[in-house]
Every structure is written in structure tokens, then in C-alpha cells.
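Below: the structure, in C-alpha cells.
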Amino acid sequence: MKIRPFAFSPADYRALARVREAVHPEAPLNIAQLKHLDQTRSPDEVLKRFLVEQEGQVVGMLEYATPYHNPKPGALEVGYHLHPQAQALATRLWAFLLERVAPLKPRELQAQVREDWPEFGFLLAQGFTEVERKWVSVLDLTRFDPGLLQRPLPPGIVLKPLAALPWQEEAFQRALYHLELELLEDVPTREPITPWPFELWRKRSLEDPNLLPEGFFLALEGQEMVGLTMLFRSHRPQTLQTGLTGVKRSHRRKGLALALKLRAAAFAKAHGARYIRTANHQANRPMLAINEALGFVKEPATVALRLSPVPSPH
Ligand SMILES: CC(C)(COP(=O)(O)OP(=O)(O)OC[C@H]1O[C@@H](n2cnc3c(N)ncnc32)[C@H](O)[C@@H]1OP(=O)(O)O)[C@@H](O)C(=O)NCCC(=O)NCCS
């Protein structure tokens, strides 16, 4: 076995995509998004990725990095994949990882894996414990009938796509950023979300190569933004990916989230997509209720794992 640093070259991104496809065909990598994310890392963030080779063939990958969504001092997010016939290498990869992260003195290792992947059992065996679950769920638009769910919007509210709004102007972007911050505070995660600073948010969200300004909807009351939902392009065929959905506290339980999701579904259909994917935390009953009513079907859960304290290398 050879573990070599990832070169961040087009060839290595392709090799990474191939190995992921072979290991987890149900969850292919979004390479455009991964590249964009890698490029928006700041110099003080950790990002170490390796390819695992056997007889000249890439059979796996390993990574440790500052957590992308919730950068927390002392925490590193780790991940690995190995070909089914190379699973026996997991123990050696783990030893390599512990040696590499030791100088960084992490207080906690984090991982996110699907409950039906071999990584889940392996990481549990290394002492990781489960923190929370998220469900990816999928709506098949060919089986979707919005008819029964449609209701008139509350008076004074209109829904508009980003494309019809001055989203390239900084004042507008700052208002959108503040709405997202307010909504993120209410997403029921086990650990509070540390929001990205404005400039990083702008780069990661509004310059995301998968951004679809026509599929990103805002609920407006006059000039005020009171809710949103957003669909992004996906690397999966015939699919659009949901980002954040949320409605300001003052405007909840008036049917706005449902109306936004219905508008997004109508857009997706007109756009020629067949599937909409979304991810929800297990504790988010309101959002799960809306998605269940729309007909989203859950996939196996993605489990957030933690290991603290981090064992020393042998
Ligand atoms: C989840 C959220 C978007 C719902 O917005 P909303 O505009 O209040 O939702 P709607 O009024 O469209 O609700 C539609 C239906 O969903 C269900 N629902 C909504 N909120 C609910 C709640 N708090 N508890 C139980 N069911 C709820 C109800 O069946 C509701 O219909 P009803 O009001 O006729 O009973 C909102 O609570 C929110 O912004 N939460 C914080 C952000 C978040 O967690 N977003 C999801 C993560 S991506």
C-alpha cells in the first residue's frame, strides 16, 4: 500500500471521483463543488487529502480538514473510503491518520458517514460516538401532485427568484446574508452553527458554480426578505439539490415554507429535472413534516460522529 498526497490536479480530482464512484456509487462526489470548496479554504485552515494506491491503482482516499460547515477550534473532520477488496487497509490508514494529526493536537475528530457504509462500523470500533443523524430525502417529480397542497399566499407576500432581484448588489447581498444568519440560528442542530463571515459566505454561496439564480426563491413583504428556499444544480443526472429553506419567526405557520417549496418544485419540473434532493436533521420536525407532505422519500441516515479525546498514535 502507498499513501500519497493528493495533488489537487485535474487528474487527481478525476481519480478521487472514480474511487468514490466505485466505493459508493449511490453517493458520487460533486467535483465542481469540491474544487470550489477547496479553493475557498483560507490559509489558516487545515486541508490534507491523500490517495491510497495498491499496485499502481488508486483504491482509496483519506482526508483530514478543518470542518467545512462548522469550523470549531481544535476540531478536525476526517474521512476515508476504500474499495471493497481493500477494506483490510482501514486499520493501517487509521494508524497513519493518528500519526499525521498528532502534531496538530486536535481535541476532537469529527466524521459524517452513511449508516449503511463500512466506514460507520469501522469508526464506531475506533471509539467514535454518534452525535446526530441527518436524512437525505428525494422527491420524484413524476409522482408529485402539488394540487392538494396549494394555498393562496398571505396578503402582501410575493415570491421571487434571485434572478429577478438585484442580487449582484452588495446591499442586497448583505440583507440576504443577515436573513440566512437569522434562519440558521433556528436550524435544530446538536451544536450551534458557526456562520461564515460575509466575504466567505459570498464566495461560497453566490459564486458557487452550482448556483441557479432562477431556482433560488425569496418570499418578500414589500422590500423585506421574510423567507427563502434554494435549488442548486447537481452532478447527479436529472437532479436539483436543495440548500437552506427558512422563514422568519414573525412569518411562520402562514404556509410560506410550503409555498416556497411548491414554487421550487414547479421550477424544477420546468427546468427538466426529475428529482429534488434535500437533507434534514432528525430533530427538525417542522421541515420533515413539510417534506413528508410533499412526498420526499428518505434514504439511509447520514450520521455525525465524534471522537474525543483523540487517541495517541502507537
Ligand atoms: C421549518 C420552517 C421553514 C417552516 O416554515 P413555515 O413557513 O412556518 O412553514 P409552513 O407555514 O409552510 O408550514 C406548513 C406545514 O408544515 C408543518 N409545520 C410547520 N411548522 C411546524 C412546526 N413548528 N411544528 C409542526 N409542524 C409544522 C405543518 O403541517 C404546517 O401546516 P399548518 O400550519 O397548516 O399546520 C421554519 O420553521 C424555519 O424557518 N425553521 C428554521 C430554519 C430551518 O430549520 N430550516 C430547515 C433546515 S434546511
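One-based numbering, in listed order, for ligands and for the atoms of each. These numbers come from a predicted model, not from an experiment.
In this structure, E182 does not pair ionically with R249, as no charged nitrogen and carboxylate oxygen lie closer than 4.0 Å. Ion pairing between E21 and R18 fails under the 4.0 Å rule for side-chain N and carboxylate O. At a threshold of 4.0 Å, the pair K72-E77 does not count as salt-bridged, since none of the basic side-chain nitrogens sits closer than that to a carboxylate oxygen.
Using a 30° and 60° split on the angle between ring planes, W201 and Y177 fall in the tilted class, from 30° to 60°.
Contacts of N284 with ligand 1, taken as heavy-atom pairs under 4.0 Å, involve the side chain alone. The proximity of R249 to ligand 1, defined as any non-hydrogen pair under 4.0 Å, does not occur for either the backbone or the side chain. Neither the backbone nor the side chain of K248 has any atom closer than 4.0 Å to an atom of ligand 1 (non-hydrogen atoms only).
Considering backbone and side-chain N/O atoms, P286 never comes within less than 3.5 Å of an N/O atom of ligand 1. The shortest N or O to N or O distance between A279 and ligand 1 is not below 3.5 Å. Note: no N/O pair closer than 3.5 Å links H251 and ligand 1 by distance alone.
With hydrogens and angles ignored, the 3.5 Å screen pairs no side-chain donor or acceptor of R49 with any backbone N or O of L62. The main-chain N or O of S137 is never found under 3.5 Å from a side-chain atom of T278 such that the two would form a donor-acceptor pair.
Atoms of ligand 1 lying under 4.0 Å from at least one heavy atom of V187, given by number and element, are 42 (C), 43 (C), 44 (O). Numbered from 1 in the order shown, with element, the atoms of ligand 1 that lie under 4.0 Å from a heavy atom of K254 read 11 (O). Taking every heavy atom of G246 and a limit of under 4.0 angstrom, the matching atoms of ligand 1 come to 3 (C), 39 (O). Taking every heavy atom of L258 and a limit of under 4.0 angstrom, the matching atoms of ligand 1 come to 12 (O). Using a 4.0 Å cut-off to heavy atoms of R151, the atoms of ligand 1 that qualify are 31 (O), 34 (O).
A side-chain contact (heavy atoms from CB on, under 4.5 Å) with T229 holds for exactly one of T245, L256, L159; it is T245.
L104 and V46 make their closest contact through CD1-CG1, 4.2 Å (heavy atoms, listed as atom of the first residue, atom of the second, distance).
Residue contacts with ligand 1: R253 is included, with a non-hydrogen atom under 4.0 Å away.
Q112 and H69 share no donor-acceptor pair across their side chains, judged by distance under 3.5 Å alone.
Nearest-residue assignment for atom 40 (N) of ligand 1 (options M287, H281, R252, E185; heavy-atom criterion): R252.
Contact annotation for atom 29 (O) of ligand 1: protein absent (non-hydrogen atoms, distance under 4.0 Å).
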